[in-house]
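What follows is a set of notes on a single structure, which appears directly below.
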There are 6 protein chains.
Amino acid sequence: MDSETKSPLSHFDESGNAHMVDVGAKGETNRKAYAAGSISMNPEAYRLVKAGTMAKGDVLGVARIAGLMAAKKVDELIPLAHPLLITSSTIDFELMDESYTVNIFATVGMTGKTGVEMEALTAVSISALTIYDMCKAVDKSMKISDIRLLKKTGGKSGIFIRKD
Amino acid sequence: MDSETKSPLSHFDESGNAHMVDVGAKGETNRKAYAAGSISMNPEAYRLVKAGTMAKGDVLGVARIAGLMAAKKVDELIPLAHPLLITSSTIDFELMDESYTVNIFATVGMTGKTGVEMEALTAVSISALTIYDMCKAVDKSMKISDIRLLKKTGGKSGIFIRKD
Amino acid sequence: MDSETKSPLSHFDESGNAHMVDVGAKGETNRKAYAAGSISMNPEAYRLVKAGTMAKGDVLGVARIAGLMAAKKVDELIPLAHPLLITSSTIDFELMDESYTVNIFATVGMTGKTGVEMEALTAVSISALTIYDMCKAVDKSMKISDIRLLKKTGGKSGIFIRKD
Amino acid sequence: MDSETKSPLSHFDESGNAHMVDVGAKGETNRKAYAAGSISMNPEAYRLVKAGTMAKGDVLGVARIAGLMAAKKVDELIPLAHPLLITSSTIDFELMDESYTVNIFATVGMTGKTGVEMEALTAVSISALTIYDMCKAVDKSMKISDIRLLKKTGGKSGIFIRKD
Amino acid sequence: MDSETKSPLSHFDESGNAHMVDVGAKGETNRKAYAAGSISMNPEAYRLVKAGTMAKGDVLGVARIAGLMAAKKVDELIPLAHPLLITSSTIDFELMDESYTVNIFATVGMTGKTGVEMEALTAVSISALTIYDMCKAVDKSMKISDIRLLKKTGGKSGIFIRKD
Amino acid sequence: MDSETKSPLSHFDESGNAHMVDVGAKGETNRKAYAAGSISMNPEAYRLVKAGTMAKGDVLGVARIAGLMAAKKVDELIPLAHPLLITSSTIDFELMDESYTVNIFATVGMTGKTGVEMEALTAVSISALTIYDMCKAVDKSMKISDIRLLKKTGGKSGIFIRKD
């Protein structure tokens, strides 16, 4: 990396030192981010998670609350993330019977100067970790995968839609 | 699920309501948990991450700190996790040139009544999300995968070693 | 509850799942919320609290700080509360000699998209709990009661004034 | 208050200044605290809360999680409270049809040097505030009352059982 | 202090009670605060800190992250500080070979109703404490000094530039 | 720094990467740390701080609470600090009329595996910053200095007493 040129990684200054990027001059736009991920587990754990959605032992209900709360904690967790005031967030689950997998979807909205990608991705991650925590008594081999940004709107860089 | 029998998901009581499992009577043992995960990215982002390990723009150095700090915040993030006092933690990275992927490894140790699996898994997750945050200016399509427990020692359930 | 109709409880979506209500399209207005509550105690505890207001052992001074700080932590405590930036807050106490009771009043102000009722109610609650904590060495039977919203101004729903 | 004698309020030193009481020399004992409180509301809000316990719009499920998480945050909220590691906690609700009231019960356990009364009382308070938050769209006049310690075991002061 | 007149210390009301100052009616302006401080140490610690800037054992890199994160936590740490959304922050270090001292500089920016002095001063303080933490194995006598505001722009009170 | 030898800075491993030092094998001992610092101000601010100690506008009372609470937050603020359970803490102030300076003293105690130096130093720092915050309306040129460890007892390294 040439010390004369600014890194394309905006979280570093010309000297290569980490800083919080200055967004003071950016306008406020409506922004929305959509993220997803999944957690796969063994048949017994999957059966219990699925049973819990109907009445008792509601694993996904607890994981949803954990994800919604985590979306509000991003600036504490990610060192160079800007603090911001999200104005909406949702978490949805999709149960995939054939693969014993729970798909997790998060949407976060805000009007502001920076994107809310990290909020959506963190909501998915903590929601998945909560499912792990609640099911680890019956399956320690669960795997969390495919945490990714699906789409993002608003901001100078415009719309992003993941291709695969 | 039969309402007469206790759920194998220990985070729920007989009525199916969430609670914090009582570990008061458990003995204190030395515990250690090893977790891993990975984040894949495009060649440009990968090149910048790799360059940063040598001098300036140290993405992985920042991600390491984020992961080490997150291991101390698990009881705030995971609703039914017990608060505990970890006594060691490490984060290591492995750069996979052929797949433009960074593998992340976390180890957390403690003497106490409950396991530290969630601490190690959370450290890996937040470390990966920090890499995402710092590289998203050049690649929004990064994907975080394979967050899993590799091994765990200590506690009544003994040693767990992941099979694949 | 008919699954076809939206719940009057706005914190749930059509499927009955918890979410953070979308306030992105709401305008910013000046808002103010007034809440109150009380804690009753035995004569000895009451005497010590009252004595502390004059010079030393200032229970209410500490409880005021605790309440003012708690008003800034609502989004961490209440799962579906929006993060927001309060612009003013006060806590006042009224000493009721005949009933050995301390009345607690909180006012919180903000210009924003959502109300600050939860901030005022939380400030009262944590202030009361702090009084309990500081006096429990002399009275474990204190009781916290009548935590309620007195008044609220601003926002689309307009002025609310509690009737009793 | 005589400046020569120590205040019976142990959170103050001889000069009347607040401090964190030294519990370093106290032994570790098994401790348990039981607290309760209630929130009363109008018939419509009550009906919705009760309906939510069966399937969708689960107000009490969310309030339980909020209370369980708040029990882990007491040392951040109450200025002079000691940090501690709770080993169990539960929240239960009782629906009182005739008075449109929800009774809230919290139990917190720990082996340690200080009591867990504040943890149980805080769990009840934040659980009640969460119910308020989720129902305030249909009733702003809800009232939270009778937050009190029911019982406490362990520690030098022995068993406490509330009399009324 | 005359009880009839308002204290020049705006954090107290007419009765001398602490409150959060009402800034609701203040306009939003671009604000910036510059703070500094220093930590002096023995030659061995200084040598290790300096060596770490080049490759491994990067004390200052960790201290920078700690300072940047602390700037986002001021409203949790300083009781009467307003919550706010900083839009930029930087931390820089200057190594003073002749005095074995590290000078620390922080800049914080925001568009808002209150100043960001406390954010810049807190960033410097926590950054210095982190250096202490990381070097205390070789020098317990380090001293942190001269934490001060250098300059501040924006807001009704206009520009402040420290004179010495 | 020779890559073959371990750094004397124990927060780094052999490769120079930051980690949380493993204290799992260390015994628990009684530990105590004493730290100090000072803040100097102009005569008007000093007069107001001093007046507040008697009745109203109690700057030092608020700063004491801030410091006591900050001692419980060290593991969130200092990246590689171990979480721990302090068992006592005090903050005292000394008013130096001739130099318009407030001296701040903190003592923190614990039985555990690591020292509490950082807790005492952080308590002093946040207490000083709170004084700055509350007096900045009348003096923006205050300076915080001489934050240092006075003494430490307990632990393998034994007693440390600062020499100057």
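Numbers restart at 1 for each chain; the letters A, B, ... are given by sequence-line order, proteins then strands. Heavy atoms only: backbone and side chains are in, while hydrogens, waters and symmetry mates are out.
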Flag side-chain contact, heavy atom, 4.5 Å: [X] against [Y]:
| X | Y | answer |
| --- | --- | --- |
| A/L150 | A/F105 | yes |
| E/I65 | E/V62 | no |
| E/L80 | E/V21 | no |
| A/P83 | E/M110 | no |
| A/L48 | A/V59 | no |

Donor-acceptor pairs between chain A and chain E under 3.5 Å, which ones?
from: A/N17; atom 1: OD1; to: E/R64; atom 2: NH1; distance (Å): 3.3
from: A/M20; atom 1: N; to: E/S89; atom 2: O; distance (Å): 2.9
from: A/M20; atom 1: O; to: E/S89; atom 2: N; distance (Å): 3.4
from: A/V23; atom 1: N; to: E/T87; atom 2: O; distance (Å): 3.0
from: A/D75; atom 1: O; to: E/K72; atom 2: NZ; distance (Å): 2.8
from: A/I78; atom 1: O; to: E/K72; atom 2: NZ; distance (Å): 3.2
from: A/P79; atom 1: O; to: E/K72; atom 2: NZ; distance (Å): 2.9
from: A/A81; atom 1: O; to: E/K72; atom 2: NZ; distance (Å): 2.7
from: A/H82; atom 1: NE2; to: E/T87; atom 2: O; distance (Å): 3.3

Go through E/F93 and E/I131 one step at a time and tell me if the side-chain contact (heavy atoms from CB on, under 4.5 Å) criterion holds. CA-CA 11 Å; E/F93 300 104; E/I131 295 173; 4.1 Å; yes

